[in-house]
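Here is the structure we will look at, set down as structure tokens.
Letters A, B, ... mirror the listed sequences (proteins, then strands); counts begin at 1. These figures come from a predicted structure and were not determined experimentally.
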Amino acid sequence: MNQRLLLLDGHSLAFRSFFALPKDAFRTDQGQYTNGIHGFVNTLLKLYADTKPTHVAVAFDLSGGTFRTKEYAAYKGGRADTPEEFKGQIPLIQEVLDALGITWLTLDQYEADDIIATLAERGVKEGMEVVVSSGDKDAYQLVNDRVTLLYPMPRSQMLEMTPEVVKERTGVTPDQYPDLAALVGEKADNLPGVPGVGAKTAQKWIAAYGSLDGIIEHADEIGGKVGASLRENIEQVKLNRKLNHLLRDMPLEVSFDELKPRGVNREAVHQLFDTLDFTSLRPRVLAELPLAEGDTEEAGESMDALEAVMAGPGDIARWLGGRSTQRLGLYILGSGEPARGDVGLLAIADESGQAIVADRADFSEEDEASFVSWIEDAEAPKVIHEAKAAWHAIKGAFNAHLVGVDVDTELAAYILHPDQRTYDLADLVARHIGIALPDMEADELDLGLSVGGGAANGPGARAWALLPLATVLSGELAKRDSTELLNSLERPLMTVLARMEDRGIAADVAVLEELRSAFDARVTAAAEAAYAAIGHDVNLSSPKQLQGVLFDELGLPPTRKTKSGYTTNAEALTDLYAQLAFREDDTAVAGREFLGQLLEHRDAIKLKQSVEGLAKSVLSDGRIHTTFQQTVAATGRLSSTEPNLQNIHARTEEGQRIREAFVPGDGYESLMTVDYSQIEMRLMAHQSGDAALIQAFIDGEDLHSYVAGHVYGISPSAVTSAQRNKIKAMSYGLVYGLSAFGLSRQLRIDRSEAQQLMDDYFERFGAVKRYLDSIVAQARKDGYTSTILGRRRYLPDLTSDNRQRREAAERMALNAPIQGSAADIIKIAMLSVDEALTSGSLTSRVLLQVHDELVLEIAPGERDAVRELVETHMGSAVDLSVPLSVGVGVGANWRAAAH
DNA sequence: CCACACACGTA
DNA sequence: CGTACGTGTGTGGC
């Protein structure tokens with residue numbers, strides 16, 4: 001029979017991958033680099049698919065010497081040390097091979113290529129077709145009509161080297177190649193060739209004398225400088241030839257039976273790929289390599305079990321009929337936008353693999369009633385990816401309120417790994433249950449299209465995959481003790497957020513329009529004045545063009561460098577302005593005018609864009625419906641998009657006018673803001689246990705004056721405002737991992753003064769210092785930080801060799817427990833406030849969250865009751881060693897509700 | 001058309 | 001050389 005033997009040089013292929021793939025993109029939580037492993041497995045899969053071998057072996061070099069280094073100490077000398085990031089990947093590749101059921105070999109004193117040469121020789125003798133893949137040119141000599149070499153090329157291409165191709169590329173036959181290499185030398189192996197002899201000369205000699213032996217025999221007949229050179233270096237050439245000869249008779253104690261792939265051990269692959277963070281390779285490995293015996297039919301992990309059907313009218317009702325209390329997976333294709341949700345297609349699947357896919361447009365009355373009662377049944381457990389989006393889709397399409405979400409797989413994945421930008425369902429399924437979901441075509445993603453039988457596969461498979469995915473994720477969470485965080489905090493919060501988004505906040509479009517026009521006038525005036533100052537137009541929004549004006553035309557001194565030139569940010573422009581203050585030449589006068597108008601333009605255009613963006617996002621109900629992102633911030637915070645209502649101007653007078661456009665809607669009389677005061681410093685006090693800091697909060701004094709009094713050794717009442725400001729900056733900076741350099745820059749004081757300030761601060765608040773140090777130490781040990789609710793953030797860079805990355809990770813480690821705990825606390829408070837409002841039968845409701853602040857819409861007559869309620873529930877969200885102080889304000893708009 | 005850089009708003 | 005985000009604009013690659 002046709003037997004084919006595939007032989008790989010493991011080290012050589014992995015090393016190429018290591019340099020081909022960006023190492024920082026392949027790094028696990030634990031700091032292990034995996035680019036070489038990933039590339040190797042990828043190459044292996046490709047070779048396997050291309051060659052369909054019956055036998056496979058991977059050969060590795062051993063570290064330490066070989067017979068070649070004994071013979072010639074300089075062999076492969078002069079190479080740079082193996083990169084630290086590559087070491088350690090080889091043993092992991094060998095573990096992967098074990099899991100894949102593929103044999104790998106090493107042999108003391110010999111190189112991978114010797115093993116390959118030996119096996120190739122034996123394979124040919126057995127009548128096999130042999131395919132070798134190695135990036136080592138020495139392997140050329142193995143090529144013949146039964147042995148093909150696949151030589152790796154850039155962009156993961158493989159060059160198929162037959163004897164003809166070798167001849168074409170080297171000018172000699174495969175068995176002559178080592179002769180040629182001996183003459184020319186091999187830089188990679190530190191083997192010098194004959195000076196003056198290149199490939200052309202060597203080819204000519206080999207053609208003339210047949211082989212190296214022939215050349216040596218007739219060395220005296222070769223004239224000219226190269227002849228003399230050859231005669232002088234004849235010993236080196238002989239040595240080269242000896243070293244580059246691959247041994248074909250190694251004592252390998254391996255039989256061809258052992259080289260037959262043993263099949264993939266699923267469990268081992270899952271385990272290993274989990275620790276390696278491999279997502280995309282997992283389904284490929286399982287699909288493209290043979291599975292080990294008894295490992296083919298694993299319950300719940302094979303898509304063979306899936307039976308998806310398209311629903312006709314009445315089918316949904318019938319399907320749900322017998323299953324309404326089972327745990328079911330629900331997948332929705334549609335729009336999950338707040339207040340504009342809709343369902344195009346939906347799919348529901350049960351644990352047995354039965355799935356039904358339905359077009360919303362085909363729902364009968366009976367289907368709708370059955371579906372809605374299932375959706376609104378809290379005892380009917382549902383598994384959904386992005387449940388909040390599903391909530392909106394269902395609200396929009398059925399006017400029903402989703403309850404009974406057992407697992408939101410997106411939220412679960414976020415709790416496990418909060419540092420990913422997105423949590424794509426197909427990626428999670430591939431990663432956690434090792435199945436490649438069928439791609440969904442773009443037209444399947446469109447709403448309301450008629451759907452043929454084939455299209456059911458995508459949604460059906462997704463609904464089906466949710467159930468095993470939820471089981472795996474729940475298991476991971478339980479192992480990590482994070483079940484509570486998901487089920488008691490994030491999952492119920494999802495519904496609270498959905499309702500907040502659904503409500504939106506009323507906007508006064510007349511105010512927005514008035515502001516737009518006022519800001520627009522400022523923009524135009526500033527732009528014209530700026531053009532006048534320099535005598536021509538310029539795009540004031542183009543940093544590149546501004547650099548031309550500032551540094552070339554006006555000859556101003558360069559500012560801080562950016563990646564693509566010099567910064568033109570407000571801070572730098574203000575500095576430049578100050579530098580021109582004492583000059584009265586024409587350029588300086590023009591420069592000052594230009595800079596002043598540019599700053600004015602920046603300010604005005606930002607305000608204008610902000611107002612325009614808000615105006616555009618007002619829906620027909622007169623309200624702005626933001627989307628709160630519950631799974632994007634690595635610290636556990638929420639974020640807000642489309643539009644972002646967490647960064648509405650608040651600091652300047654002009655900016656605050658924008659907040660006047662946020663008003664109570666019909667049926668409500670005011671807005672209320674409730675915020676935590678200094679929650680991060682309170683957490684610092686609590687977590688550090690610093691007695692002085694705790695006392696400050698218990699006494700309820702002005703924090704920054706109190707701390708400044710301690711630092712400067714004076715009474716708080718004697719603290720000047722300059723002293724207070726410095727200490728305030730320092731206190732806030734601590735939460736962000738501020739350095740003395742950063743503090744000096746921010747306060748525009750000497751480095752030494754900043755250092756002194758920090759020293760004095762830590763002298764007085766020693767526990768704070770010890771706490772901050774301990775956070776980093778603990779995080780380095782564990783690999784992650786934790787909040788008061790046990791929310792983790794993984795920071796593998798804490799052990800990076802790269803100082804910048806490491807220090808950045810240290811700052812994140814300092815900040816994450818504080819910022820994240822504050823996020824935990826306000827989330828608890830949101831649940832508790834929401835619950836209290838509902839159970840108190842109040843109409844007032846929460847509309848927005850801005851990290852440490854809630855914005856509520858107050859119904860007539862409820863103001864005082866709500867004030868008391870929010871003070872109580874926010875103030876008692878958690879029990880700390882310092883009080884949680886809450887500020888409340890009420891007014892006719894968001895600005896007026898500030899306090 | 002898309003990704004990136006820059007600038008800047010919030011906590 | 002202070003954390004966490006999102007958005008608008010310009011730019012230069014494809």
Check: Using a cut-off of less than 4.0 Å, is there contact between a side-chain N or O of A/Ser739 and OP1 or OP2 of C/dG2?
Finding: yes
Next item on the list: Write down the distance between CG (A/Leu607) and P (C/dT7), rounded to a whole number of angstrom.
Entry: 18 Å
Item checked: Sidechain N-carboxylate O distance under 4.0 Å for A/Glu571, A/Arg560 -> no
Item checked: d(CD1, A/Ile648; P, C/dT7) in whole Å -> 11 Å
Notebook entry, point to check: What is the nucleic acid contact for A/Val850, judged by heavy atoms within less than 4.0 Å: base, sugar-phosphate only, or nothing?
Noted result: sugar-phosphate
For nucleotides 4-6 of chain C, list the nitrogen or oxygen atoms of the protein found under 3.5 Å from its nitrogen or oxygen atoms, one pair per line.
residue: C/dA4; atom: OP1; partner: A/Arg793; partner atom: NH1; Å: 2.8
residue: C/dA4; atom: OP1; partner: A/Arg793; partner atom: NH2; Å: 2.9
residue: C/dA4; atom: O4'; partner: A/Gln819; partner atom: OE1; Å: 3.2
residue: C/dA4; atom: O4'; partner: A/Gln819; partner atom: NE2; Å: 3.0
residue: C/dC5; atom: OP1; partner: A/Ala634; partner atom: N; Å: 2.9
residue: C/dC5; atom: O3'; partner: A/Ser639; partner atom: OG; Å: 3.4
residue: C/dG6; atom: OP1; partner: A/Ser639; partner atom: OG; Å: 2.9
residue: C/dG6; atom: O4'; partner: A/Asn644; partner atom: ND2; Å: 3.0

Note to self: Does the Lys NZ or Arg CZ of A/Arg792 fall within the cation-pi geometry relative to A/Tyr784 - under 6.0 Å from the ring centre and within 45° of the axis?
What the structure shows: yes
Next item on the list: Measure the distance from CZ on A/Phe662 to C1' on B/dG9 and round it to the nearest whole Å.
Entry: 13 Å
Next item on the list: Nearest 0.5 Å please: distance from the CZ atom of A/Arg637 over to the CD atom of A/Gln630.
Entry: 15.5 Å
Note to self: Whole angstroms only, please: what is the CD-P distance between A/Gln849 and B/dT10?
What the structure shows: 17 Å
Note to self: Check A/Asp603 with A/Arg522, please: is the shortest side-chain N to carboxylate O separation under 4.0 Å?
What the structure shows: yes
Margin query: Heavy atoms only, 4.0 Å cut-off, all strands: where does A/Glu807 land among base, sugar-phosphate and nothing?
Written below: nothing
Notebook entry, point to check: Within this structure, what is the CG-to-C1' distance between A/Asp603 and B/dA7, rounded to whole angstrom?
Noted result: 13 Å
Next item on the list: Using a 4.0 Å heavy-atom cut-off across all strands, classify A/Ala822 as base, sugar-phosphate, or nothing.
Entry: nothing
Notebook entry, point to check: Is it true that atom CZ of A/Arg745 has more than 12 heavy atoms of other residues, nucleotides or ligands lying nearer than 6.0 Å?
Noted result: no
Notebook entry, point to check: Is any side-chain N or O of A/Arg811 closer than 4.0 Å to OP1 or OP2 of C/dG2?
Noted result: no
Margin query: Under 4.0 Å, counting only non-hydrogen atoms across every strand here, what does A/Gly733 touch: a base, just sugar-phosphate, or nothing?
Written below: base
Notebook entry, point to check: Is any side-chain N or O of A/Asn569 closer than 4.0 Å to OP1 or OP2 of B/dC6?
Noted result: no
Check: Between B/dG9 atom C1' and A/Arg659 atom CZ, what is the distance in whole Å?
Finding: 10 Å
Note to self: Strictly below 4.0 Å: does A/Arg651 bring a side-chain N or O up to OP1 or OP2 of B/dT10?
What the structure shows: yes
Item checked: Side chain of A/Phe741 (C-beta onward), nearest among C/dG10, B/dA7, C/dC1 -> C/dC1
Note to self: Can you check the distance between B/dA5 and C/dC1, where both ends of the measurement are the P atom (answer in whole Å)?
What the structure shows: 15 Å
Next item on the list: Verify the ring-centre separation between A/Tyr732 and A/Tyr736: is it less than 6.0 angstrom?
Entry: no
Next item on the list: Measure centre to centre between the rings of A/Tyr531 and A/His536, then say whether the value is under 6.0 Å.
Entry: no
Check: Hey, does the side chain of A/Lys544 come within less than 4.0 Å of C/dT11's phosphate (OP1/OP2), counting only N and O?
Finding: no
Margin query: On the nucleotide C/dT11, are OP1 or OP2 found under 4.0 Å from the side-chain N or O atoms that A/Gln545 carries?
Written below: yes
Check: Considering only side-chain heavy atoms of A/Asp852, which listed nucleotide, B/dC8, B/dA11, B/dC6, is closest?
Finding: B/dA11
Next item on the list: Please state how far atom CG in A/Asp675 lies from atom C1' in B/dA11, giving the value in whole angstrom units.
Entry: 11 Å
Note to self: Strictly below 4.0 Å: does A/Ser610 bring a side-chain N or O up to OP1 or OP2 of C/dT7?
What the structure shows: no
Next item on the list: Specify whether A/Trp894 and A/Phe662 have parallel, tilted or perpendicular ring planes, treating 30° as the upper limit for parallel and 60° as the lower limit for perpendicular.
Entry: perpendicular
Notebook entry, point to check: Taking CG from A/Leu614 and C1' from B/dT10, how many angstroms apart are they, rounded to a whole number?
Noted result: 13 Å
